[in-house]
Amino acid sequence: MLNQLGKQIVEINKANGWNVATPSDWHDPYKIPALLALVATEVSEAVEGFRHNDRENFAEECADIVIRVLDLTEGLGLDIEAAIVAKLGKNKQRGFKHGGKRI
């Protein structure tokens with residue numbers, strides 16, 4: 001489902017003239033960090049929505065976070081669904097509050 005959403009997001013972004021990542025961009029030392037910075041920007045906007053107790057804006061900004069991540073991973077040709085399933089498998093094997101961190 002996530003990969004399918006990624007395809008739809010890339011189609012929409014290309015149709016709107018946005019610069020979508022491609023697999024060859026993996027070697028560009030600037031493009032991927034710039035796209036990740038846009039994800040961080042959406043996270044900051046979600047924090048602001050939370051700070052202002054605006055659940056609707058918070059949800060919209062969280063959607064923007066996912067949209068930007070799926071745009072990036074699909075553009076790079078990554079199978080984000082498989083990566084998430086694999087990561088969940090690793091997380092399941094971790095102990096309760098592994099690492100002993102306070103936060």
Side-chain angles (χ1 to χ4, degrees):
M1 179 176 145
L2 290 176
N3 290 339
Q4 195 59 34
L5 280 173
K7 288 178 186 357
Q8 184 179 357
I9 290 163
V10 166
E11 287 176 20
I12 291 168
N13 289 348
K14 283 181 179 178
N16 287 335
W18 291 30
N19 191 1
V20 174
T22 65
S24 64
D25 289 328
W26 181 253
H27 303 288
D28 185 325
Y30 301 104
K31 187 165 185 179
I32 303 307
L35 293 172
L36 288 171
L38 292 174
V39 174
T41 299
E42 300 298 350
V43 172
S44 295
E45 291 174 359
V47 170
E48 285 304 302
F50 176 78
R51 288 183 66 231
H52 294 286
N53 199 28
D54 186 343
R55 291 175 66 90
E56 185 176 329
N57 178 254
F58 178 79
E60 183 175 328
E61 297 306 334
C62 285
D64 283 342
I65 293 164
V66 174
I67 288 167
R68 288 208 180 266
V69 168
L70 292 179
D71 178 59
L72 176 59
T73 57
E74 178 63 29
L76 290 173
L78 302 174
D79 184 344
I80 194 62
E81 285 183 47
I84 289 171
V85 169
K87 182 61 176 176
L88 288 174
K90 285 182 181 180
N91 288 351
K92 189 175 181 180
Q93 300 305 313
R94 292 182 172 169
F96 183 74
K97 293 187 177 182
H98 77 285
K101 300 175 187 94
R102 291 177 54 135
I103 297 178

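Please read these numbers as outputs of a predicted model, since none were measured by experiment.
Residues P23 and G75 share a closest heavy-atom pair of CD-O, 3.1 Å. Between M1 and E81, the shortest heavy-atom contact is N-OE2, 2.6 Å. Here the shortest heavy-atom pairing between T22 and L76 reads O-CD2, 3.3 Å.
Shown here are the side-chain contact (heavy atoms from CB on, under 4.5 Å) partners of L35, two or more places apart in sequence or in another chain: A21, K31, L38, L72. The side-chain contact (heavy atoms from CB on, under 4.5 Å) search around V39 returns I65, R68, V69, not counting sequence neighbours.
A single hydrophobic cluster is not seen to contain both I12 and L70; linkage of ILVMFWY side chains at heavy-atom distances under 4.5 Å, directly or through other members, places them apart. Cluster membership check: V43 does not share its hydrophobic cluster with I67, using side-chain heavy-atom separations under 4.5 Å among Ile, Leu, Val, Met, Phe, Trp and Tyr. I9 and W18 are members of different hydrophobic clusters when ILVMFWY side chains are connected at heavy-atom separations under 4.5 Å. L2 and L78 sit in two unconnected hydrophobic clusters of ILVMFWY residues. Membership requires side-chain heavy atoms under 4.5 Å apart, directly or through other members.
Salt bridge present: E48 and R51 bring a charged side-chain N and a carboxylate O closer than 4.0 Å.
Taking a 6.0 Å sphere around CG of N53, one finds it holds 12 or fewer heavy atoms contributed by other residues, nucleotides or ligands.
Once rounded to the nearest 0.5 Å, the distance linking NZ of K7 with CD of E11 reads 9.0 Å. Between atom CD of residue E45 and atom CG of residue D64 there is a gap of 7.0 Å, rounded to the nearest 0.5 Å. Remark: N3 CG to I84 CD1 distance equals 8.5 Å, nearest 0.5 Å. For the atom pair CG of N19 and NZ of K14, the computed distance is 10.5 Å after rounding to the nearest 0.5 Å.
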